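Numbering of ligands and ligand atoms starts at 1, following listing order. FYI, side chains are in, hydrogens and waters are out, and symmetry mates aren't considered; it's all heavy atoms of this structure. The shown structure was predicted, so the numbers you read here are calculated from the model rather than taken from an experiment.
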Amino acid sequence: MSTIVITGTQWGDEGKGKIVDYLASKADTVVRFQGGCNAGHTVVAAGEEYKLRLLPSGILYKGTLNIIANGVAFDPEVCLQEMDAMAARGIDTSNIRISDRAHVVMPYHRLMDGIGDAQRGADKIGTTGRGIGPCYMDRDDRIGIRVCDLMEKEEFAKKLKKNLDIKNGELAAVYFHEPLDYDEVLAEYEGYAERLRPLVTDTIPLVNEEIDAGRKVLFEGAQATMLDIDYGTYPYVTASHPISGGVTIGAGVAPKKIDRVVGVVKAYCTRVGEGPFPTEQLNEIGDKLREAGHEFGTVTGRPRRTGWLDAVVVRHAGLLSGIDYMAVTRLDILDGFDEIKICTGYKYKRQLLKGVPASLNVLAEVEPVYETFPGWKTDISGIRSYEELPENARKYLERMAEVTGIALGIISVGPSREQTIILDKDMF
Ligand code: GDP
Ligand code: IMO
Ligand code: MG
């Protein structure tokens, strides 16, 4: 297997960073293909914790090529900050390549994201405020500034001028904010351009040559299926396509070149930000999940909403992304529970729904149908083989595979690399 996609199956923060880092030990190249620094991927290696927002999670391996492809909303400031932070910790950052087609996050995107979401009042989405939505909006409006523009001094100055004329008008009229200064923004971004220039390239041939030469390429999804702009709980979603198909659009790789897809499934469910969450537990169980799992956002520090595993959601992800294997993470967080539940279906007006309804009014009213499992009440964080897992944990996992129709591939019992049980060594 030469190419593998790692995709989130729920509402994000499933532990994609950990799984990517684990599989990246075998990869020649790791590619981010969508989203931007709204992602927060945590990797724990040799007792050190790294929180990655924009840089691919393959960065910790010396010699791995790390590509930020065209589908990423690219924030040059964050990229350089992360590179500096990595370098300060002795990590080599020379192996990063940035697509010249990626769209650049500008200061007005961040402002409009933050103020705009607050202005929605009770209807706010609860975005990360990183300017990701407004950056993609400009791309689709065909006024966006791409990395290749940033590399051409005159072109960038011209495009910035044109954009600021529009954006400063909008900032005043819609966002009640003072205008941004052209010279300041120009100088700031020219500074980024000079530092980033050696890393900027056409990543389309680069990724495809890697694949065609039989080297191992891993595509690192950010966010997750239920936050997909089309397939998630719209409008409470992000502005990109985290599903596996996002790779073809976001990295310039044909569908037939994708060999395998791994869906990362947290053993229970969390969500940051607003929007429907059928299995949410607004009770002691939810509090216990949040405390046991230290469920607070990597990017914003917000408490994550918590609930039971929703197999309807995972099935939806499996269908959309063609998931071959599940990587089940955070199973250890359930160690202290007497009972654990899986939602196997949604009941709506006495009917069992097959999939995730499009209408949020329907989704808000569905009644989750649960199956209850006895807990294992043992610390599993030191276990390294499937057979050694307590019987109740295996029963839970096996039922999870049954109700989702997706095979188990990886079981994670802790944040570090060693706390990983792999069921198919030839997965990648
Ligand atoms: P991502 O956005 O999908 O990469 O996930 P985040 O990094 O935002 O959140 C997952 C959190 O769970 C991080 O703090 C990881 O270090 C941690 N983690 C990943 N896998 C496991 C696991 O199996 N057990 C425990 N206890 N923590 C895990
Ligand atoms: P990772 O990759 C969890 C959520 C935000 C908000 C919605 C839209 O770490 O799993 P945006 O800033 O993207 O316009 O916000 O999406 N969101 C995430 N939630 N994990 C993420 O990334 C997320 N990225 C965005 O909280 O509800
Ligand atoms: Mg995260």
| remark: Residues at least two apart in sequence or cross-chain that pass side chain to side chain contact (heavy atoms under 4.5 Å, CB included) with E274, listed by chain then number, are K124, Y236
| field | Among G8, G17, G126, closest by any non-hydrogen atom to atom 6 (C) of ligand 2 | value | G126
| Mind checking whether G40 has an N or O less than 3.5 Å away from an N or O of ligand 1? | yes
| task | Could you establish whether R304 and ligand 2 come within less than 4.0 Å of each other, counting only heavy atoms on the residue side? | result | no
| note | What one should report as the nearest heavy-atom pair of S94 and L199 is O-CD2, 4.2 Å
| task | Could you tell me whether H41 approaches ligand 1 through its side chain, its backbone, both or neither, with non-hydrogen atoms closer than 4.0 Å? | result | both
| task | For ligand 1, find out whether one of its N or O atoms is nearer than 3.5 Å to an N or O atom of G12. | result | no
| message | Among D332, L52, D13, V272, which one puts a heavy atom closest to atom 26 (N) of ligand 1? | response | D332
| request: Nearest heavy atom to atom 3 (C) of ligand 2 wins, so pick from V237, D13, T42. | output: D13
| message | Before you tell me yes or no, could you show the steps for I342 and W308 under side-chain contact (heavy atoms from CB on, under 4.5 Å), namely the whole-Å CA-CA distance, both residues' side-chain angles and the distance that decides it to 0.1 Å? | response | CA-CA 6 Å; I342 300 183; W308 295 121; over 6 Å; no
| Does the N or O separation between G40 and ligand 2 drop below 3.5 Å for any pair? | yes
| request: Would you please determine whether I132 falls within less than 4.0 Å of ligand 2 on a heavy-atom basis? | output: no
| field | Minimum-distance N/O/S atom that D13 presents toward the Mg ion (ligand 3) | value | OD1
| query | Does a side chain donor of either K257 or N208 reach within less than 3.5 Å of an acceptor in the other side chain? | reply | yes
| Looking at the Mg ion (ligand 3), is one of the N, O or S atoms of K16 less than 2.8 Å from it? | no
| said: For atom 17 (N) of ligand 2, which of the options L227, T233, D113, N38 provides the nearest non-hydrogen atom? | reply: L227
| task | From atom 23 (O) of ligand 1, work out which of S412, A267, G15, P415 has a heavy atom at the shortest distance. | result | S412
| Just heavy atoms, cut-off under 4.0 Å: does Q223 contact ligand 1 by side chain, backbone, both, or neither? | neither
| task | Have a look at ligand 2 and work out which part of R302, if any, has a heavy atom under 4.0 Å from it: side chain, backbone, both or neither. | result | side chain
| said: Using a 4.0 Å cut-off to any heavy atom of A222, which atoms of ligand 2 qualify? | reply: 2 (O)
| Can a donor-acceptor pair be found between the side chains of T306 and E295 at a distance below 3.5 Å? | no
| Of Q34, H41, E274, E14, which has the heavy atom at the shortest distance from atom 2 (O) of ligand 2? | H41
| Does any donor atom in the side chain of R120 or T127 lie under 3.5 Å from an acceptor atom in the other side chain? | no
| message | Can you tell me which portion of Y236 lies within the under-4.0 Å heavy-atom range of ligand 2? Options are side chain, backbone, both, or neither. | response | neither
| task | State, without any angle test, whether D138 and H103 hold a side-chain donor-acceptor pair at a distance under 3.5 Å. | result | no
